[in-house]
Amino acid sequence: MINKKFNFNINSRDLFSLKVPATAANLGSGFDTLGMAFNLYNIFNIKKILRPGEFKCVTSGEGTEELSDVKDNMLITSYLKACSEWNVKDALGFELESCNAVPFCRGLGSSSTAVVAGVLFANLINKLNISEPELLRMMTLIEGHPDNVAPCFVGGMVASCWDPDAKTLKYVKLPALPDDLYVIAAVPDFKVQTEEARKILPSSVPFKDAVFNVSHAALLCAAWATGRWDLLKTGMDDKLHQAYRAKLFPGGEKILENIKNYKDCLAVAISGSGPTMIAIVKGKAGDLASEMCRIFTAGGVSSHFFILNCAPDGVIVEINN
Ligand code: HSE
């Protein structure tokens, strides 16, 4: 995949360009294991190679304020971490342009886009020829959430599992959603840090709740693999995290409770650790998207929405040198 060239060229003078998709992790029952990539992208262009240790970055779009400082830029820190783990001496610096469409700190995998891109640039710029399993291992090690990085890298809907013995990420890519099914992502103007959203989860859960999630996640994967979209609502039901996290932001509990009852809604979930809420719909998505945003407004927070498709291809790489 890494050697393929694709034509999304923004500026043919860029040395390397990556088009990296947003993701929704968990999908309800699949906590820390399931994730889906969307056709909403951050684009990262390498304009120039610089001397080791020298980095420049220009950011536009989402997260512009947060990402202006090079030393806090997650793409650059991931690049340096991957270079160091792969024993690259004097890793080259670069001039980076980030054009970000993925909302920042909203549960749509913006940090995964940066980590995936940083690791891929480490491989490309330093001509390391790293294998795909090792790239994924490195991305998982740095980001910590395979349910974001795996679909971000390979695309589609992905079930992934860290194998502690082999120290690799095992994954299976399921078929993308059919074209007539859409994903609404309703994004409130409210940030949730994943770290905080993990701290509020209980340290142990009743055995029956663990069994509930295992059976529902298994049903979800089987339904997805066989096109039984009528089972998504049941399959995405969860008892491990959503009830706790939906309290962290206004409107979360109401959207989880109400939206699934609408005729065209196949399932609803918190995207990653929130606060974005996703709904999978068949048919007209606009009315339901407006209703989700109306619930955010009633909770006192403004919001916007995207109507998205599943991105089947993951990262798109362009090499111009
Ligand atoms: N599975 C992770 C979580 C994803 O829900 O905490 C974080 O984006």
Side-chain angles (χ1 to χ4, degrees), residues 20-38 40 42 62-63 66 74-75 78 100 102-119 136 139-155 157-162 164 169-172 183 185-188 190-205 209-210 212-214 216-217 220-221 235-249 252-253 255-256 267-278 306 308 311 314:
V20 192
T23 46
N26 302 325
L27 298 165
S29 59
F31 182 62
D32 277 357
T33 184
L34 295 178
M36 179 178 14
F38 299 125
L40 175 70
N42 284 345
E62 297 285 341
E66 294 87 340
M74 202 181 266
L75 188 154
S78 304
N100 296 341
V102 181
F104 194 72
C105 268
R106 299 295 203 285
L108 284 167
S110 64
S111 51
S112 281
T113 69
V115 172
V116 166
V119 170
L136 253 180
M139 290 163 185
T140 306
L141 186 83
I142 296 173
E143 215 276 346
H145 303 114
D147 47 341
N148 280 121
V149 293
C152 180
F153 183 39
V154 303
M157 164 77 158
V158 177
S160 63
C161 175
W162 180 252
L169 189 73
K170 303 276 166 63
Y171 74 88
V172 172
V183 180
V187 188
F190 192 95
K191 285 186 187 152
V192 169
Q193 302 287 348
T194 299
E195 212 183 318
E196 297 306 314
R198 291 190 83 87
K199 269 195 208 145
I200 57 126
L201 299 180
S203 52
S204 61
V205 295
D209 288 355
F212 181 98
N213 267 61
V214 170
H216 283 68
L220 172 57
C221 287
M236 281 171 65
D237 217 353
D238 153 80
K239 286 202 189 290
L240 294 185
H241 63 112
Q242 296 195 134
Y244 307 97
R245 288 174 160 180
K247 292 187 200 320
L248 290 178
F249 51 96
E253 286 175 300
I255 291 177
L256 269 185
V268 61
I270 300 177
S271 182
S273 56
T276 293
M277 300 295 300
I278 53 164
F306 298 94
L308 302 166

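Residue numbers start at 1 and run along the sequence shown. Note that ligands are numbered from 1 as they come in the structure, with each ligand's atoms numbered from 1 the same way.
Proximity of Q193 to C105: side-chain heavy atoms (C-beta onward) are separated by under 4.5 Å at one or more points.
Qualifying side-chain hydrogen bond (donor to acceptor under 3.5 Å, both in side chains) partners for N100, counting only residues two or more places apart in sequence or in other chains: none.
At the top of the distance list for atom 8 (O) of ligand 1, counting protein heavy atoms only, stands N148 OD1, 2.8 Å. Annotation: atom 1 (N) of ligand 1 to nearest protein heavy atom, D32 OD1, 2.5 Å. Among protein heavy atoms, the minimum distance from atom 3 (C) of ligand 1 is reached at R198 NH1, 3.1 Å.
The contact set between ligand 1 and D147, taken as ligand atoms under 4.0 Å from a residue heavy atom, comprises 1 (N), 2 (C), 4 (C). Near T194, meaning under 4.0 Å from one of its heavy atoms, ligand 1 places the atoms 6 (O), 7 (C).
The existence of a salt bridge linking K199 and E196 is confirmed by a sub-4.0 Å separation between a basic side-chain nitrogen and an acidic carboxylate oxygen.
Using modelled atom types, one side-chain atom of S29 and one backbone atom of G235 make a donor-acceptor pair closer than 3.5 Å. Side-chain N or O atoms of D147 include none that pairs as donor or acceptor with a backbone N or O of A25 at under 3.5 Å.
By the 4.0 Å heavy-atom criterion, R245 is counted among the residues contacting ligand 1.
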